[in-house]
> 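Following this message is one structure expressed as structure tokens.
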Amino acid sequence: MPDSSEKPLMIELRGVNKWFGDFQALRSIDLEVRLGERVVVCGPSGSGKSTMIRCMNRLERHEEGTIIIDGIELTDDMKNVTAVRREVGMVFQQFNLFPHLTVLDNLMLAPLRSRKLPKNEAREIAMHYLERVRIPEQAEKYPGQLSGGQQQRVAIARSLCMKPRIMLFDEPTSALDPEMIKEVLDTMVELAEDGMTMVVVTHEMGFAKTVADSMVFMDEGEIVEAATPADFFSAPKSERTKTFLSQILIH
Amino acid sequence: MTVAEVGRPRASRAPLKLRKRSPIIDVLQVAVLAAVLIWFTLKGAGAINYNWQWYRVPVMFYRVVDGEFILGPLIEGLFMTLKISGAALILALFIGLATALLRRSNSYSGRALAYGYLELIRNTPLIVQIYLFYFVLAPIVGTTPFWTGVIALAVFEGSFTAEIFRAGIESVKKGQWEASDSLGLPRHETFRRVVLPQALPLMLPPLTGQMVSLIKHSAILSAVAVFDLTTVGLDLIADTFMAFEVWLSVAGVYLALTITLSVSVSLFENRIRKRAQHW
Ligand SMILES: Nc1ncnc2c1ncn2[C@@H]1O[C@H](COP(=O)(O)OP(=O)(O)O)[C@@H](O)[C@H]1O
Ligand SMILES: [Mg+2]
């Protein structure tokens, strides 16, 4: 992709190592994501996918290497961490909505308390994104009253309310019943079409084929292979990738 | 899947395991026990030919002189107990919250301070702590007897409140902190608007129990001459020699106070729980 390399780097990982105690969860990870690029990360369970994207907004601290997000380096300096977190939205497997707040209050909390916007402005933003994920009529309900698919769309809208430049997704459809997966993936496809920079951990290969600019395959804390979807699916280089793909494409 | 099914699942209701049984059951138990005790007392008093003078008890509560309503010593003692307990409770909540936060903090000295405080308070008798506050600390710092008592009680109860806060905070799932962090919420906002509101309904029952203990423990301040309900009782007996009537009255007043408290908190709790049903 010759033209994409002109675009500014949004995420840059260089030689990132991370340990949990004695266990090395990430091994010299190098990764570049440019503005508007969509990267899909896959790999077997326990391969370090979550750990890698959680390092990108400092939910996990990396011990070695450099992580630069939209020009800000992630260090122990909380100022940088906060600055990065305002730029980066994250969607979790378990939604992690605030159960004691209505959908609208879930969406308004960060604009009010993190960006310190006035209430009417926060409400406007919240309603805007609720409409975008197509559930404005649920605004006054509590998360527990919604279906899983609706909850995950609320979670996406909640992140968008901070107007992030990057969105991270950690297996956003893995906790969903099969019939609700599509509505969430559709929302993500729309987001991709609007040019959002996205890193998505998922095993939904159909989604990967339609939206990914590049595929990343991880195993045992390493990036084993990174390629365009066309190359990745038709001509995987590494044996480990082949094995993984054969397993996942069967079911 | 229906909305109801979706609303139920997961750990959303699991944290309620922290809940203890309703305080009303405790209150009932106490009432039954009290009835049995009273029966034995009356029987025992009959055996030693105790001269009951219940007619002299009402004036200990109130008198009407020239159409004017005058509070008796027992009610004034009750007010003092209420004042001490109320002030100590507020202070104990602060101490408990601060200790719970310190124990979770990144600062080593903060954690050491919290740990030292908890161990010290839990492993020495309350009466010794009270004497320490009265005879060592108060002369140095110069606090009034009332405030010395309040502080001593609060420092004692705060060690238990700290545990309640810790359990409440830990019952909130990690994902709630992570979601808040990922949204760039400052720590204090996360705590105030995400964690505390979810922890509070779980903390209310044990906190009520703590309040009841605090009221009971306040009686020990009579050992250092604060004019609380128990001190008043001691004085009244010295004047009238009506030990049975006075102690039974004093116990009755404590009981009425703690029952009122338990019942009103459990009503409040039901309201909160109703609101939290769809979590
Ligand atoms: N907080 C943690 N403490 C200890 N080990 C962890 C922790 N988080 C993850 N791990 C370990 O790190 C490895 C990678 O985990 P993770 O990034 O969650 O994998 P994936 O998302 O690819 O399934 C796993 O072996 C996991 O057990
Ligand atoms: Mg994972």
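None of these values were measured; they are calculated from a predicted model. Chain letters run A, B, ... following the sequence lines, proteins first and then strands; every chain starts at 1.
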> Would you mind telling me which of A:T82, A:L168, A:V84, A:L97 has the largest number of heavy-atom pairs within less than 4.5 Å of chain B?
A:L97

> Is A:R132 atom CZ crowded by more than 12 heavy atoms from other residues, nucleotides or ligands, each under 6.0 Å away?
yes

> State, to 0.1 Å, how close B:L183 and A:A110 come at their nearest heavy-atom pair, and which atoms those are.
CB-CB, 3.9 Å

> Just by distance, do the side chain of A:N96 and the backbone of B:G175 share a donor-acceptor pair under 3.5 Å?
yes

> Measure A:F98 against the heavy atoms of chain B and call it side chain, backbone, both or neither at under 4.5 Å.
both

> Let me confirm one number: the CG-CE distance from B:L185 to A:M162, rounded to the nearest 0.5 Å.
7.5 Å

> Could you have a look at A:M78, A:Q150, A:R113, A:R86 and say which one has the most heavy-atom pairs with chain B under 4.5 angstrom?
A:R113

> From A:K116 NZ over to B:E189 CD, what is the distance, rounded to the nearest 0.5 angstrom?
5.0 Å

> Checking heavy atoms, do the side chain of B:T190, its backbone, both or neither come under 4.5 Å from chain A?
neither

> Give the minimum heavy-atom separation between A:S114 and B:P186, together with the two atoms involved.
CA-CD, 4.3 Å

> Do other residues, nucleotides or ligands put more than 12 heavy atoms under 6.0 Å from B:Y108 OH?
no

> State which residue, out of A:M90, A:R85, A:R54, fulfils the side-chain contact (heavy atoms from CB on, under 4.5 Å) condition with B:S182.
A:M90

> Tell me whether the count of non-hydrogen atoms from other residues, nucleotides or ligands lying under 6.0 Å of CZ in B:R192 goes above 12.
no

> Measure the spacing between CD of B:E178 and CD of A:E60 and express it to the nearest 0.5 Å.
7.0 Å

> Please name the pair of heavy atoms, one in A:H100 and one in B:R193, separated by the smallest distance, quoted to 0.1 Å.
NE2-O, 2.8 Å

